[in-house]
Amino acid sequence: MRIATWNVNSIRARLERVLAFLERSSTDVLAIQETKCKAEQFPAEAFAEAGYKACASGLNQWNGVAIVSRVGLEKPAESFPNCPTFKDQLEPRALFATCNGIRVGSLYVPHGRALDDPHYTYKLAWLRALKEYASTLTAAGEQVALMGDWNVAPRDSDVWDMAVFENSTHVSAPEREAFAAFEGEAHLVEVSRERVEGYTYWDYRRLRFPKNEGMRIDWMFATPALDKTVSHVEIDRDERKGKGASDHVPLIVDFDL
DNA sequence: ATGTCGCTCAAAGAGCGA
């Protein structure tokens, strides 16, 4: 079974690219982030025509997550217990569904903006609450795969130049500790890090892609038993090329189930 | 040159977020 995660930066602007990706890559389950639309605006019919069930969470033009699957999609659930709000709003950043027996989570972790910004505090609290929820899922013995745009670069090699990120978000010690807690306290394994190299995101600005000044911030965590079945991992770097690309590319993982 | 993109409001381009 092939599971992929992709921050598409607007599903309506990217629909043809996403459908082409599904067909080209033969992906069974795709976790989508930054749909940038209300749930009712999500183009579920187009995915149905391609053979995929879909669920979506979205409130307005910001954030938004979805899951599409051609191997079943059951018990869709938005957000998670004790999820922090920002400016009193529960943002659509987490969506779960069971696909072929795996509890899949599509996650768009808050960006953080700057180390002294309230959004950074929100990001850390959001990651802590998600980690608590992940712990309850793994403790219940479920097969779990949590994936998406984590907005964290856990290693220095996950950004092109650490000097540029001095006093920036994504690389700070608290963010890296929050990321590591998914492996430590929640007993999950990040499945891609040891199996493939490369960035997953290049800013649209300042010619970041042509200069390969990217970041690796899209990740997939899974329960250890699932991790043991991983047979192949790839980053679809070519998806960043050409007109109409998202600023992120898909992370693709094959499970030998 | 913050070398861009996508969205909204209210109907052109400013403002926002990343």
Side-chain angles (χ1 to χ4, degrees), chain A residues 5-21 31-43 46 56-66 84-95 106-127 130 147-154 158-161 163-172 175 178-179 199-219 235-251:
Chain A
T5 180
W6 188 10
N7 178 324
V8 300
N9 185 24
S10 172
I11 189 59
R12 290 175 293 175
R14 216 74 60 207
L15 180 59
E16 292 311 313
R17 269 205 185 236
V18 173
L19 292 170
F21 165 76
I32 303 171
Q33 299 86 40
E34 280 213 86
T35 55
K36 289 190 165 178
C37 66
K38 299 179 168 108
E40 63 266 29
Q41 294 174 310
F42 186 84
S57 176
L59 287 178
N60 51 30
Q61 73 270 45
W62 307 123
N63 314 306
V65 284
T85 57
F86 189 68
K87 292 180 177 169
D88 294 324
Q89 189 165 72
L90 184 63
E91 299 181 315
R93 293 179 175 275
L95 180 65
S106 179
L107 306 163
Y108 180 44
V109 176
H111 179 280
R113 299 180 185 169
L115 296 181
D116 60 356
D117 194 294
H119 208 264
Y120 177 74
T121 314
Y122 168 57
K123 177 182 194 174
L124 293 177
W126 199 94
L127 281 167
L130 176 65
M147 64 204 73
D149 177 0
W150 295 75
N151 271 316
V152 177
D158 295 322
V159 297
W160 77 94
D161 182 359
V164 173
F165 287 83
E166 201 176 348
N167 299 315
S168 295
T169 61
H170 294 60
V171 300
S172 74
E175 287 165 279
F179 186 87
Y199 301 130
T200 62
Y201 162 84
W202 298 260
D203 199 310
Y204 286 125
R205 295 165 290 189
R206 306 178 73 167
L207 295 176
R208 293 297 189 209
F209 185 61
K211 288 148 85 173
N212 197 29
E213 294 176 345
M215 301 172 71
R216 184 156 176 181
I217 53 179
D218 298 271
W219 307 101
I235 294 169
D236 188 4
R237 190 179 189 282
D238 287 348
E239 185 51 56
R240 186 64 177 78
K241 297 176 179 174
K243 200 165 176 60
S246 171
D247 43 3
H248 293 251
V249 295
L251 171 64

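Every chain is numbered from 1, with letters handed out A, B, ... down the list of sequences.
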Report task. Could you state the atom-to-atom distance from NE2 of A:H248 to P of B:dT4 in whole Å? Result -> 18 Å
Report summary line: Regarding the side chain of A:H119, the nearest nucleotide among B:dT4, B:dG17, B:dA18 is B:dA18
Requested in this report: For nucleotides B:dG6 and B:dA10, find the distance between their P atoms and express it as a whole number of Å.
Outcome: 23 Å
Requested in this report: For the pair A:T5 (side chain) and A:D149 (backbone), establish whether a donor and an acceptor sit closer than 3.5 Å, ignoring hydrogens and angles.
Outcome: no
Query raised in the report: Using the P atom in both, what is the distance from B:dT2 to B:dC7, to the nearest Å?
Result: 26 Å
**Report entry** Parallel, tilted or perpendicular, as decided by the 30° and 60° cut-offs, for the rings of A:H248 and A:Y201
**Finding:** tilted
Query raised in the report: What integer distance in Å separates A:R208:CZ from B:dT2:P?
Result: 11 Å
**Report entry** Partner of A:F86 by ring-ring contact (aromatic ring centres under 6.0 Å, His included), out of A:Y122, A:W62, A:Y120, A:W126
**Finding:** A:Y122
Query raised in the report: Which nucleotide, B:dT8, B:dC5, B:dG3, lies nearest any side-chain atom of A:Q61?
Result: B:dT8
**Report entry** Whole angstrom value for the distance that separates C1' of B:dA18 from CG of A:D149
**Finding:** 10 Å
Query raised in the report: Expressed in whole Å, how much space separates the P atoms belonging to B:dG13 and B:dA1?
Result: 26 Å
Query raised in the report: Is the distance from OP1 or OP2 of B:dA18 to the nearest side-chain N or O of A:R113 less than 4.0 Å?
Result: yes
Query - Close aromatic pair by centroid cut-off 6.0 Å: A:W160 and A:Y199 - result: no
Requested in this report: Please work out if A:Y201 contacts a base, only the sugar-phosphate, or nothing of the nucleic acid, heavy-atom cut-off 4.0 Å.
Outcome: nothing
Query - Rounded distance in Å - CD1 (A:I11) to P (B:dC5) - result: 19 Å
Query raised in the report: Relative to the 5' end of DNA chain B, which residue comes earlier, A:K87 or A:A245, by the nucleotide with the nearest heavy atom?
Result: A:A245
Report task. Could you tell me whether the phosphate oxygens of B:dG3, OP1 or OP2, come under 4.0 Å of any side-chain nitrogen or oxygen in A:R206? Result -> yes
Query - Nearest listed nucleotide, side chain of A:W62, among B:dG3, B:dG17, B:dA18 - result: B:dG17
Query raised in the report: To the nearest Å, how far apart are A:I32 CD1 and B:dG6 P?
Result: 16 Å
Requested in this report: May I have the distance from A:Y108 (atom OH) to B:dG17 (atom C1'), rounded to whole angstrom?
Outcome: 8 Å
Query raised in the report: Can you check the A:H111 NE2 to B:dG6 P distance for me, whole Å?
Result: 18 Å
Query raised in the report: Taking CG from A:N60 and P from B:dA18, how many angstroms apart are they, rounded to a whole number?
Result: 12 Å
**Report entry** Comparing A:R14 and A:D247 on DNA chain B - which has the more 5′ nearest nucleotide
**Finding:** A:R14
Query - Short side-chain to backbone donor-acceptor contact, A:R240 and A:W202, under 3.5 Å - result: yes
